[in-house]
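Worksheet for the structure shown next.
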Amino acid sequence: MPELPEVETIAGVLNNGANDQPPLPGCVILEARLLWERSLAQPAPEVFRRQIAGQSIHSVGRRGKFLVFSLSQDVLLIHLRMSGDILVERGDTPIPSHARLLLHLDNGWRFAFSDARKFGRVWLTKDAGQVLNSLGPEPFDEALTEHDFWLSLQRYHRQLKPLLLDQHFLAGLGNIYTDEALNLARLHPLMNSQKVTEEQASRLLHSIRAVLKEGILRNGASIDWVYRGGDFQNYFRVYRRTGQPCPECGTLIERLIVGQRGTHYCPQCQDLPE
DNA sequence: CACGAGACCTGTTCGC
DNA sequence: TGCGAACAGGTCTCGT
């Protein structure tokens, strides 16, 4: 479910707190409860419970679509996948129906990893790199230049959309922001990455950064039954807008399946060469 | 290497 | 109204 802007928004709220919840940094984890053990990727459940108890939370960050919690001894990593969310509620409130992991905090509040579809995963490790090192660059990394981006596109002979979704290539894009970025860059989702010109690559990188930036500015998108305050869904150019007019030219948005993902694009603005 | 299908899961929406 | 199919913000593994 969440992509870079949503995860960034969640990390920000957890780190700084909000009107209805305190910030996590400074809290001590008293006890962990695993309600669905398969959500735990690493280590074994007993080890996890023993090891995390007593650790304090130093900060909450993000790498790609991973939430990164720096604890006093270890790093807690959470990937929300399709339906995951983090809820921080008072300890005496009812346990959320899809809670998979609960952390009881020393301030009387309770941290819950909620995940209806059970695709999300949790790691507790001393070496976050072991999990995160295979990720591609952060889209906003200044070291990622337009020229580098073009060269990396040249290294593959793949359809643009599946390549952008590949977290080893670039970290953070998901189905929404990939469709949005390709439309803004006026590139067809099936275009071969090797055929992208240097000028088009530059346009694509700018578009990726623009849609992610706007997503973050609007606190992410809230669609389906998962609502967390963001309103980027009201500004989609093509995503889930099949049959509606393209904001640029008015041509009706079309939908096709690419790499088994629903894909939305403007057949006029995003034409497929040859 | 690149692509498609299947798996992992539950809940909502669509179409007849 | 009812019911099965389709669909959903992700990623891994396997076969061709």
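What you see below is based on every heavy atom in this structure, not just the backbone, and it leaves out hydrogens, waters and symmetry mates. Within every chain, numbering begins at 1; the chains are lettered A, B, ... in the order of the sequence lines, protein sequences first and strands thereafter.
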Distance check: side-chain N/O of [X] vs OP1/OP2 of [N], anything under 4.0 Å?
X: A/Gln167; N: C/dT11; result: yes
X: A/Lys65; N: C/dG9; result: no
X: A/Arg261; N: C/dC7; result: no
X: A/His157; N: B/dC3; result: no
X: A/Arg240; N: C/dC7; result: no
X: A/Lys118; N: B/dC8; result: no
X: A/His98; N: B/dT10; result: no

Quickly work out the [X] [atom1] to [N] [atom2] distance and round it to whole Å.
X: A/Ile176; N: C/dA8; atom1: CD1; atom2: P; answer: 11 Å
X: A/Trp123; N: C/dT11; atom1: CH2; atom2: P; answer: 10 Å
X: A/Leu163; N: B/dG4; atom1: CG; atom2: P; answer: 14 Å
X: A/Leu35; N: B/dC9; atom1: CG; atom2: P; answer: 16 Å
X: A/His264; N: C/dA8; atom1: NE2; atom2: P; answer: 6 Å
X: A/Arg38; N: C/dG10; atom1: CZ; atom2: C1'; answer: 17 Å
X: A/Glu3; N: C/dG9; atom1: CD; atom2: P; answer: 8 Å
X: A/Ile223; N: C/dG10; atom1: CD1; atom2: C1'; answer: 13 Å

Taking only the [atom1] atom of each, what is the distance from [N] to [M] in whole angstrom?
N: B/dC9; M: C/dC3; atom1: P; answer: 27 Å
N: B/dA7; M: C/dA6; atom1: P; answer: 16 Å
N: B/dC14; M: C/dG9; atom1: P; answer: 15 Å

TODO: Name the residue closer to the 5' end of DNA chain C, choosing between A/Gly262 and A/His79 according to the nucleotide with the nearest heavy atom.
DONE: A/Gly262
Using a heavy-atom cut-off of 4.0 Å across all strands, would you classify [X] as base, sugar-phosphate, or nothing?
X: A/Gln260; result: base
X: A/Arg121; result: nothing
X: A/Tyr177; result: nothing

Open item on the list: Tell me whether A/Phe119 and C/dT11 count as stacked here, given that the ring centres must be under 5.5 Å apart and the planes must differ by less than 30 degrees.
Closed with: no
- [ ] Classify the ring geometry between A/Trp150 and A/His147 as parallel (under 30°), tilted (30 to 60°) or perpendicular (over 60°).
- [x] tilted
Open item on the list: Keeping A/Glu6 on the side-chain end and A/Glu3 on the backbone end, is there a donor-acceptor pair under 3.5 Å?
Closed with: yes
- [ ] Output yes when a side-chain donor or acceptor of A/Arg209 lies under 3.5 Å from a complementary backbone atom of A/Pro139, and no otherwise.
- [x] yes
Open item on the list: Dot-bracket for DNA chain C, please. Rules: Watson-Crick or G-U, both distances under 3.5 Å, ( ) within the strand, [ ] when a pair crosses earlier ones, | for another strand, . otherwise.
Closed with: .|||||||.|||||||
Compare all side-chain heavy atoms of [X] with those of [Y] and state whether any distance is below 4.5 angstrom.
X: A/His264; Y: A/Arg241; value: no
X: A/Pro137; Y: A/Leu170; value: yes
X: A/Leu182; Y: A/Gln270; value: yes

- [ ] For A/Arg100 and for A/Pro162, find the nucleotide of DNA chain B with the closest heavy atom, then tell me which residue's nucleotide is more 5'.
- [x] A/Pro162
To the side chain of [X], which of [options] is closest?
X: A/Arg158; options: B/dC3, C/dG10, B/dC9; result: B/dC3
X: A/Arg117; options: C/dG9, C/dA8, B/dC3; result: C/dA8
X: A/Tyr239; options: C/dG9, B/dC3, C/dT11; result: C/dG9
X: A/Glu6; options: C/dG9, B/dG11, B/dC3; result: C/dG9
X: A/Gln159; options: C/dG9, B/dG4, B/dG11; result: B/dG4

Task: A/Glu46/A/Arg50 ion pair, N-O < 4.0 Å - done: no
- [ ] May I have all residue pairs that pass side chain to side chain donor-acceptor pair (under 3.5 Å) and include part of residues 244-259 of chain A, sequence neighbours excluded?
- [x] A/Arg237-A/Glu248, A/Glu254-A/Tyr265
Open item on the list: My understanding is that a hydrophobic cluster links ILVMFWY residues whose side chain heavy atoms are under 4.5 Å apart, including indirect links. Using that, what else belongs to the cluster containing A/Leu102?
Closed with: A/Leu35, A/Ile95
